[in-house]
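Written below as structure tokens is the structure these notes are about.
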Amino acid sequence: MIVLVLLMGCTDKNTHLDLTDIECKTNWALCSVFSDKSYQYSFEKKIKIAILDSGINGDHPELTGLIRKSYNAINPGQKILDSYGHGTAIAGMISAKPNEYIIQGISQSVYLYDVKVLNDKGDGEIEDVVDGIEWSINNNVDIINLSFGFQKDNQALREAILKATTHGIIIVAAAGNNLGLYTDYPAKYEEVISISSISENLKVDPFAGKGKVDYVAPGVKIPILTNGEDKVRYVNGTSFSTAIATGIIANILEQSEKPLSLTDIKEKLNKTSIDLGEKGKDTTYGNGLIQLPNNN
């Protein structure tokens, strides 16, 4: 079982994560990004993450209490339901509480902002995504997670992304699952951190996007929370590697005593990422496998 211990004797509220070898075999993704298989969280501040997706099941026991605000960009004013399940899975990978299914979220000090922009089939309109980005800007989030993308560029999307970044928001987006033919938008924009996916043997997923890739993260045979009775299932895709990257970036922001820009975040990630593929940055692995070193 994942050990997440509250250290009651400290003046600060700290939580320490230690991963066992058995857990690393069960959930290889966690152990591949926590480079020392351990991490000490500090809860001095909450990082606000907007998840633009199919919605989040806020009643899921591993996600209760994490959603700060919600917005249905498809049907404003209507309650959000995640029949598709994708948004709930992404939320779980980012911030799920420690649980018996070995699906602890990467970050444990966040508020989630649930923004529904994908319908119950996982499809979305650019207009709704732009609306969701505007709502996220108005709610002063720190990170926007976009675990999807579009094949073609769009001026309104481009302008919304630029506006968000000028407000200091870090945007993390999926490179896409397109047989390595290209990178989806908005991940293709320079102002966005583009994430592709790898398997346990540290090889790129053959379905993953290539081109403008900044980093890779685990995205093959990844355990996720579900809305169903099975509780957990295994999935592939850059959607899920993007969620892992968002969790790591949230931890970096949480640990920093000062605000960090996109350039600051990339500098920190570049120092710790594991270079894969061709030496240096390339179009398949970017700057390499994203890492979160032990901060003890």
Side-chain angles (χ1 to χ4, degrees), residues 49-54 73 86 90 115 117-118 122-134 136-137 141 143-198 204-220 236-249 261-267 269-270 273 275-278 280-290:
I49 303 175
I51 299 177
L52 276 61
D53 214 285
S54 61
H86 191 267
I90 296 303
V115 188
V117 299
L118 303 182
D123 300 322
E125 301 292 335
I126 285 181
E127 293 79 7
D128 294 330
V129 175
V130 169
D131 187 22
I133 293 172
E134 289 282 354
S136 300
I137 294 170
V141 303
I143 303 173
I144 294 176
N145 183 94
L146 297 165
S147 285
F148 60 89
F150 300 95
Q151 184 176 350
K152 296 181 179 180
D153 194 4
N154 178 275
Q155 185 62 27
L157 178 63
R158 170 77 167 154
E159 290 175 358
I161 293 293
L162 285 174
K163 183 177 179 180
T165 57
T166 58
H167 281 75
I169 299 173
I170 305 298
I171 302 177
V172 190
N177 307 314
N178 41 51
L179 298 172
L181 298 175
Y182 51 85
T183 300
D184 283 344
Y185 292 95
K188 197 169 184 177
Y189 299 141
E190 285 302 317
E191 298 81 7
V192 175
I193 297 178
S194 172
I195 306 296
S196 195
S197 65
I198 58 168
V204 68
D205 179 357
F207 289 95
K210 295 181 182 179
K212 192 267 180 178
V213 173
D214 291 308
Y215 305 95
V216 293
V220 177
N236 302 336
T238 58
S239 291
F240 309 105
S241 54
T242 299
I244 289 174
T246 289
I248 289 175
I249 292 168
S261 67
L262 175 62
T263 299
D264 295 330
I265 292 291
K266 285 187 172 181
E267 286 180 354
L269 293 175
N270 291 346
S273 294
D275 189 26
L276 300 174
E278 299 177 10
K281 186 176 183 180
D282 58 60
T283 58
T284 299
Y285 298 96
N287 291 294
L289 172 59
I290 200 166

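The chain is numbered in sequence order, starting from 1.
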For a 4.5 angstrom cut-off between non-hydrogen side-chain atoms, does F240 reach I90? yes

Look up atom CG in L162 and atom CD in E190, then write down how far apart they are to the nearest 0.5 Å. 11.5 Å

Could you give all pairs that pass the salt bridge (Lys or Arg N to Asp or Glu O under 4.0 Å) test and reach residues 178-187, with sequence neighbours left out? none

Pairwise side-chain contact, D275 with Y285, heavy-atom cut-off 4.5 Å (strictly under): no

Measure from the side-chain N and O atoms of D131 to the backbone N and O of E127, and report whether any donor-acceptor pair falls under 3.5 Å. no

Output all residues satisfying side-chain contact (heavy atoms from CB on, under 4.5 Å) with F150, sequence neighbours left out; order by chain, then residue number. I126, V129, F148, L157

The complete set of ring pair (Phe, Tyr, Trp, His ring centres under 6.0 Å) pairs with one or both residues in residues 154-191, sequence neighbours excluded, reads Y185-Y189

Does a side chain donor of either N287 or S273 reach within less than 3.5 Å of an acceptor in the other side chain? no

CD (E267) and CG (L269) are apart, to the nearest 0.5 Å, by 10.5 Å

Does the side-chain contact (heavy atoms from CB on, under 4.5 Å) test come out yes or no for T283 and V213, once each step is laid out? CA-CA 6 Å; T283 58; V213 173; over 6 Å; no

Output yes when a side-chain donor or acceptor of D205 lies under 3.5 Å from a complementary backbone atom of V220, and no otherwise. no

Any side-chain heavy atom of V172 within less than 4.5 Å of one from L146? no

Minimum side-chain heavy-atom gap I143-I249 below 4.5 Å: yes

Stepwise salt bridge (Lys or Arg N to Asp or Glu O under 4.0 Å) check, D282 with K210: CA-CA 9 Å; D282 58 60; K210 295 181 182 179; over 6 Å; no

Under a 4.5 Å cut-off applied to non-hydrogen side-chain atoms, are Y215 and N270 in contact? yes

Note: A160 and I137 closest approach over all heavy atoms is O-CD1, 4.2 Å

Using distance alone, with no hydrogens and no angle criterion, decide if H86 and S147 have a side-chain donor and acceptor under 3.5 Å apart. no

Please check if the side chain of T183 supplies one atom and the backbone of K212 the other of a donor-acceptor pair under 3.5 Å. yes

I193 CD1 to T242 OG1 distance, which is reported to the nearest 0.5 Å: 10.5 Å

Keeping D214 on the side-chain end and S194 on the backbone end, is there a donor-acceptor pair under 3.5 Å? yes

d(I195 CD1, N145 CG) to nearest 0.5 Å is 9.5 Å

So do V115 and D53 actually touch side chain to side chain, heavy atoms under 4.5 Å? no

Atom pair OG (S197) and CD1 (I244), whose distance is rounded to the nearest 0.5 Å: 9.5 Å

Would you please test K163 and E191 for salt bridge (Lys or Arg N to Asp or Glu O under 4.0 Å) and show each step? CA-CA 10 Å; K163 183 177 179 180; E191 298 81 7; over 6 Å; no

Evaluate I169 against V141 for side-chain contact (heavy atoms from CB on, under 4.5 Å), listing each step before the verdict. CA-CA 7 Å; I169 299 173; V141 303; 4.0 Å; yes

If you apply the rule side-chain contact (heavy atoms from CB on, under 4.5 Å), what do you find for L52 with I144, and how did you get there? CA-CA 7 Å; L52 276 61; I144 294 176; 3.9 Å; yes

Does any part of the side chain of V216, heavy atoms only, come nearer than 4.5 Å to the side chain of S241, both counted from C-beta? no

Within the 4.5 Å heavy-atom criterion, are I161 and I133 side-chain neighbours or not? yes

Would you compute the distance between atom OG of S136 and atom CD1 of I49 and round it to the nearest 0.5 angstrom? 11.5 Å

